S.K.: 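Quick one: this structure, given as structure tokens, is what I'll be asking you about.
Here is the naming used below: chain letters follow the sequence lines, and residue numbers restart at 1 for every chain. Everything quoted here is computed from the prediction, not taken from an experiment.
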Amino acid sequence: MPAWRPDMPNDFIREAIKEDLRAGRFNRVHTRFPPEPNAYLHIGHAKAVWIDYGIALDFGGKFNLRFDDTNPLREEAEFVESIIEDVRWLGADWEDRLFFASDYFEQMYEWAQVLIRKGKAYVCDLSAEELSATRGTPTTPGIESPYRNRSVEENLDLFARMRAGEFPDGARTLRAKIDMASPNMLLRDPVMYRIIHARHHRQGDKWCIYPTYDWAHGLEDSIEGITHSLCSQEYEIHRPLYDWFLDQLGIYHPRQIEFARLNLTYTVLSKRRFIELVNGGYVDGYDDPRLPTLAGLRRRGYTPEAIREFCRRIGIAKTDSMVDIAVLEDCIREDLNRRAPRAMAVQNPLKIVLVNYPEGHIEELDVINNPEDPAAGTRKVPFARELYIEQDDFREEPPPKFYRLAPGREVRLRNAYFIRCEEVVKDAAGNVVELRCTYDPETRGGDAPDGRKVKATLHWVAVPTAVPAELRLYDHLFLKPDPDDVEPGKTYLDNLNPNALQVKHGFVEPGIASAPPGTRYQFERLGYFCMDRDARPGAPVFNRTVTLRDTWARIEKTLQSER
RNA sequence: UGCCGGAUAGCUCAGCUGGAAGAGCGACUGACUCUGGAUCAGUAGGUCCAAGGUUCGAACCCUUGUCCGGCAGCCA
């Protein structure tokens with residue numbers, strides 16, 4: 001019996017595997033992740049990958065990446081590449097075991113002949129419509145096909161001719177002969193092969209009959225020596241079929257175990273809906289940072305570490321679950337708080353002038369890169385007479401509990417000086433366009449020698465060296481936790497959050513303006529940001545991954561409701 | 001009406017072969033503070049869907065009921 005990590009999670013699948021090992025049903029662990037190459041992976045797939053790979057890791061076993069490419073109508077090589085990239089990015093390692101179900105087609109064909117010879121499969125001439133009509137309903141049995149009792153010889157001959165391309169699409173199928181009255185409708189003589197004259201992304205025109213999922217999947221697992229075939233809940237009712245094919249063939253028999261698929265609040269996790277959102281122009285492609293695709297999350301600034309931590313926290317459930325997206329956000333905050341260097345950026349600039357600061361002078365201030373990580377060191381940040389601060393950080397008539405800048409009030413500029421607002425400059429329309437302030441040279445670095453305190457610290461960027469930056473502020477894609485929570489006649493699209501993306505034209509400190517795409521920062525007091533691939537050197541574009549945890553906003557809300 | 005799952009803290013979920021009810025998030029309280037939005041610490045919370053049964057002992061096993069989800073592609 002192999003050793004396993006003593007500190008591994010204690011979920012029901014790992015328990016089942018331990019039991020299999022104890023009982024001698026298997027003496028090793030080998031899992032696989034079997035995506036169909038017809039879409040981009042999303043966070044739900046990350047959960048599956050991390051269950052499959054994590055279990056292999058915990059039991060000192062092996063893990064395969066296998067493309068389940070049995071339907072040439074839907075699959076494309078493009079998706080093979082993106083899926084490989086995503087799984088590798090997540091951190092799962094399949095070593096040299098990258099496989100394609102289509103490589104097993106010949107073996108599957110031979111096994112199909114075995115079933116025909118055993119009288120367990122037959123060629124059926126019913127059309128798709130006829131087949132559907134004779135399948136019955138969940139509560140009434142189906143009707144047996146008139147072709148069900150063809151001779152073995154005739155079945156073998158017709159099956160060979162199906163393969164040879166003698167029949168058009170849909171003309172015939174190969175069906176398993178099981179039980180048309182089974183309460184499990186999947187056992188009512190399911191289709192094993194269908195005729196599809198289409199070019200396969202790897203097999204080209206070699207085949208015109210293609211195996212269905214139910215027939216193929218167990219065989220793929222068997223061929224690869226998988227021990228535990230882990231899949232999502234919707235395949236539970238397929239398990240009898242999975243077992244039936246393997247038992248009839250008498251070949252090596254892996255064990256299928258199902259877990260609940262992931263649902264996340266304020267978003268959707270379905271290929272079909274991604275397509276609708278992209279084609280409808282609601283988002284800008286499959287790697288749009290508003291989408292929970294792995295490509296989108298990566299572009300948004302999520303790290304593989306955060307996604308793995310998320311998978312660890314949500315665990316493995318048997319029942320359908322809806323996970324609060326706040327858990328995912330907490331994971332990325334926790335990770336980035338530790339790792340992301342701090343920087344200063346202003347989203348909605350308000351210019352201030354320090355009237356007692358020398359004109360034309362620029363000084364370099366030493367600033368700590370990450371208070372959570374002393375090893376991150378320090379950097380120089382330029383300071384000057386003219387600065388940008390956040391519009392929200394100034395109120396001409398401050399409400400109670402507003403401790404930021406206001407006329408006559410003193411605050412600290414982070415890592416710099418105390419400043420006091422002396423004068424408010426407005427345009428003809430009465431809008432505040434500039435603040436004239438004084439600074440206290442004695443407070444350089446941010447502390448007053450006389451020990452006086454200020455109640456607020458503001459972030460800022462020096463005007464002469466400020467670099468204009470596009471800041472893309474992302475929020476939840478949908479307005480409601482459950483996007484399907486709609487009135488009759490409306491759809492989930494009516495719940496789209498129109499402010500899921502807000503573009504701001506702000507400024508960032510010069511030192512970060514040319515960082516390569518993918519570089520992550522915490523912009524002090526604003527949130528975590530990640531350089532987008534649309535950026536050009538000197539013309540930065542930052543995506544907001546997530547805001548800082550917003551305790552103050554909650555306090556403010558309760559204060560307001562008390563009044 | 002058939003079959004298969006499920007119901008545990010405000011939310012989302014763990015809870016192995018029966019042996020003193022757990023986590024994360026959220027909430028609340030406090031500490032600290034040059035991010036009043038960070039960080040850290042602590043507190044509260046549950047008729048384990050209901051009723052009955054087996055047992056020395058049941059969240060767990062059995063029965064019945066209630067409610068929720070899934071299943072009628074030649075998709076995976």
Side-chain angles (χ1 to χ4, degrees), chain A residues 9-12 14-16 18-19 22 34-36 38 68 70-71 73-75 124 126-128 131-133 135-142 169-170 172-175 182-186 188 190-196 210 212-214 216-217 231-240 258 260 263 265 271 312-327 329-331 333 337 342 344 368 371-372 401-404 411-416 418 443 445-447 453-459 481 522-527 547-556:
Chain A
N10 228 19
D11 55 74
F12 75 95
R14 273 171 250 248
E15 287 303 330
K18 280 189 206 169
E19 182 51 37
R22 264 193 291 267
E36 184 188 16
N38 73 339
D68 204 1
T70 57
N71 186 347
L73 262 19
R74 300 155 48 106
E75 294 147 11
C124 179
L126 255 26
S127 69
L131 201 156
S132 171
R135 200 192 319 272
T137 73
T139 50
T140 58
D169 286 4
R172 293 177 214 266
T173 57
L174 183 72
R175 289 225 262 165
S182 172
N184 181 343
M185 295 195 62
L186 292 164
R188 319 242 264 228
V191 171
M192 296 164 62
Y193 278 95
R194 68 279 215 206
I195 299 171
I196 304 174
Y210 290 91
T212 56
Y213 169 85
D214 284 314
H217 203 83
C231 58
S232 47
Q233 203 71 40
E234 67 260 37
Y235 292 103
E236 185 160 4
I237 51 170
H238 294 249
R239 194 172 63 225
E258 310 85 13
N263 296 294
T265 56
K271 290 172 192 171
R312 191 192 66 74
R313 285 192 201 177
I314 60 177
I316 307 176
K318 249 183 272 199
T319 172
D320 213 28
S321 63
M322 174 68 75
V323 175
D324 192 337
I325 200 167
V327 178
E329 293 170 345
D330 193 68
C331 289
R333 284 194 192 102
N337 176 52
R342 314 284 116 130
M344 288 195 287
I368 290 171
E372 302 289 322
K401 305 281 187 187
F402 182 91
Y403 294 137
R404 284 114 96 157
V411 298
R412 172 168 39 233
L413 293 182
R414 168 129 249 234
N415 297 117
F418 285 14
T443 57
D447 286 307
K453 299 285 184 194
V454 289
K455 284 189 162 173
T457 301
L458 312 185
H459 58 276
Q522 184 202 101
F523 288 165
E524 302 225 25
R525 302 210 302 144
L526 297 178
T547 60
L548 260 27
R549 191 178 277 134
D550 210 343
T551 310
W552 172 245
R554 286 199 294 269
I555 293 170
E556 202 169 35

S.K.: Do A/E372 and B/U39 share a donor-acceptor pair, side chain to base, under 3.5 Å?
M.R.: no

S.K.: Indicate syn or anti for B/G45, taking the glycosidic torsion and treating anything within 90° of 0 as syn.
M.R.: syn

S.K.: Name all residues meeting the side-chain hydrogen bond (donor to acceptor under 3.5 Å, both in side chains) criterion together with A/N184; count only those two or more places apart in sequence or in a different chain, and write none if there are none.
M.R.: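 Scan of A/N184 (side-chain hydrogen bond (donor to acceptor under 3.5 Å, both in side chains), adjacent residues dropped) gives none.
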
S.K.: Just to be sure I understand the rule, does A/Q522 reach a base, reach only the sugar-phosphate, or reach nothing, if contact means heavy atoms closer than 4.0 Å?
M.R.: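 The answer is base, as A/Q522 lies within the cut-off (heavy atoms under 4.0 Å) of a base atom.
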
S.K.: Looking at every non-hydrogen atom in both residues, tell me the closest pair between A/L458 and A/R404 and how far apart they are.
M.R.: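 Scanning both residues, the minimum pair turns out to be CD2-CG, 3.7 Å.
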
S.K.: Please determine whether a side-chain nitrogen of the Lys or Arg among A/D169 and A/R194 lies less than 4.0 Å from a carboxylate oxygen of the Asp or Glu.
M.R.: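 Here A/D169 does not pair with A/R194 in a salt bridge, since their nearest N and O are not under 4.0 Å apart.
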
S.K.: Nearest 0.5 Å, please: how far is NE2 in A/H459 from CG in A/N415?
M.R.: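 Result: 12.5 Å between the selected atoms.
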
S.K.: Which whole number of Å gives the distance between the P atom of B/A59 and that of B/A50?
M.R.: 11 Å

S.K.: A/V411 versus A/T457: any side-chain heavy-atom pair under 4.5 Å?
M.R.: no

S.K.: Rounded to the nearest angstrom, tell me the gap between atom CZ in A/F12 and atom C1' in B/C60.
M.R.: 16 Å

S.K.: Between protein and nucleotides 71-76 of chain B, map the contacts as a letter string: B base, S sugar-phosphate only, - none, heavy atoms under 4.0 Å, written 5' to 3'.
M.R.: SBSBBB

S.K.: Work out how far the C1' atom of B/G2 is from that of B/G18, and round it to whole angstrom.
M.R.: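 B/G2 and B/G18 have their C1' atoms separated by 33 Å.
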
S.K.: Where does B/G73 land, syn or anti, given syn is within 90° of 0?
M.R.: syn

S.K.: Rounded off to whole Å, could you give me the CD1-to-P distance for the A/I314 and B/G26 pair?
M.R.: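 Atom CD1 in A/I314 sits about 17 Å away from atom P in B/G26.
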
S.K.: Heavy-atom count around A/K271 NZ within 6.0 Å, excluding the residue itself: above 12?
M.R.: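 Result for NZ/A/K271: enclosed.
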
S.K.: How long is the span from the CD1 atom in A/I195 to the OH atom in A/Y210, to the nearest 0.5 Å?
M.R.: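 Those atoms lie 12.0 Å apart.
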
S.K.: Applying a 4.0 Å non-hydrogen cut-off, can you work out what A/R342 is touching in the nucleic acid: base, sugar-phosphate, or nothing?
M.R.: base

S.K.: Roughly how far, to the nearest 0.5 Å, is the SG atom of A/C124 from the CG atom of A/L131?
M.R.: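 Reported value, rounded in 0.5 Å steps: 6.0 Å.
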
S.K.: Determine the interatomic distance between P on B/U17 and the same-named atom on B/G6; round to the nearest Å.
M.R.: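 It comes out at 13 Å once rounded to the nearest Å.
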
S.K.: Looking at B/A38, B/U35, B/G24, which one has an atom nearest to any side-chain atom of A/V327?
M.R.: B/G24

S.K.: Considering only the C1' atoms, how many Å lie between B/A21 and B/U29, rounded to the nearest integer?
M.R.: 25 Å

S.K.: Whole angstroms only, please: what is the CZ-C1' distance between A/R549 and B/C40?
M.R.: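 One finds 11 Å between C1' of B/C40 and CZ of A/R549, rounded.
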
S.K.: Provide a list of protein-nucleic acid N or O atom pairs under 3.5 angstrom, restricted to nucleotides 5-12 of chain B.
M.R.:
unit_1 : atom_1 : unit_2 : atom_2 : d
B/G6   : O2'    : A/T319 : OG1    : 3.2
B/U12  : O4'    : A/M322 : O      : 3.4
B/U12  : O3'    : A/M322 : N      : 2.8
B/U12  : O3'    : A/M322 : O      : 2.7
B/U12  : O2'    : A/M322 : O      : 3.1

S.K.: What integer number of Å spans the C1' atoms of B/C25 and B/G45?
M.R.: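 To the nearest whole Å, 14 Å.
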
S.K.: Side-chain contact test, heavy atoms from C-beta onward, threshold under 4.5 Å: evaluate it for A/C331 versus A/R313 and give yes or no.
M.R.: yes

S.K.: Should stems be defined as at least three consecutive Watson-Crick or G-U pairs with both distances under 3.5 angstrom, which of them involve RNA chain B?
M.R.: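 Expected stems, ordered by start: B:2-7 with B:66-71, B:10-13 with B:22-25, B:27-31 with B:39-43, B:49-53 with B:61-65.
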
S.K.: Counting any heavy atom closer than 4.0 Å, what does A/R313 reach on the DNA or RNA strands: base, sugar-phosphate only, or nothing?
M.R.: sugar-phosphate

S.K.: Which value, in whole Å, describes the distance between the C1' atoms of nucleotides B/C56 and B/G46?
M.R.: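 Approximately 26 Å lies between the C1' atom of B/C56 and that of B/G46.
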
S.K.: Pick the P atom in B/U35 and in B/C40, then give their distance to the nearest Å.
M.R.: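 Going atom to atom, P in each nucleotide, I get 15 Å.
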
S.K.: How would you label the contact of A/L526 with the nucleic acid (heavy atoms, under 4.0 Å): base, sugar-phosphate, or nothing?
M.R.: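 The residue A/L526 makes no contact with any strand.
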
S.K.: Are any protein N/O atoms closer than 3.5 Å to N/O atoms in nucleotides 62-65 of chain B? If there are, list each pair with its distance.
M.R.:
none

S.K.: What integer number of Å spans the P atoms of B/C60 and B/U55?
M.R.: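 Those two atoms are separated by 16 Å.
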
S.K.: What's the shortest heavy-atom distance between A/L186 and A/D214, and which atoms?
M.R.: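 Residues A/L186 and A/D214, closest heavy atoms: CD2-OD2, 4.2 Å.
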
S.K.: Are side-chain heavy atoms of A/I196 and A/L73 found at a separation under 4.5 Å?
M.R.: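 A/I196 vs A/L73: side chains touch.
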
S.K.: Does any non-hydrogen side-chain atom of A/M344 lie less than 4.5 Å from one of A/L526?
M.R.: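 Heavy-atom side-chain distance check fails, nothing below 4.5 Å.
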
S.K.: Could you check how far CZ of A/R404 sits from P of B/G37, rounded to whole Å?
M.R.: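 Checked: the CZ to P distance equals 10 Å.
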
S.K.: So what does A/I316 touch, heavy atoms closer than 4.0 Å: a base, only the sugar-phosphate, or nothing?
M.R.: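 Sugar-phosphate, backbone atoms only, no base.
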
S.K.: With sequence neighbours left out, what residues match A/R312 under side-chain contact (heavy atoms from CB on, under 4.5 Å)?
M.R.: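 A/R312 satisfies side-chain contact (heavy atoms from CB on, under 4.5 Å) with A/E309 only.
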
S.K.: Rounded to the nearest Å, what distance is computed from the CD1 atom of residue A/I325 to the P atom of nucleotide B/G24?
M.R.: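 That distance rounds to 21 Å.
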
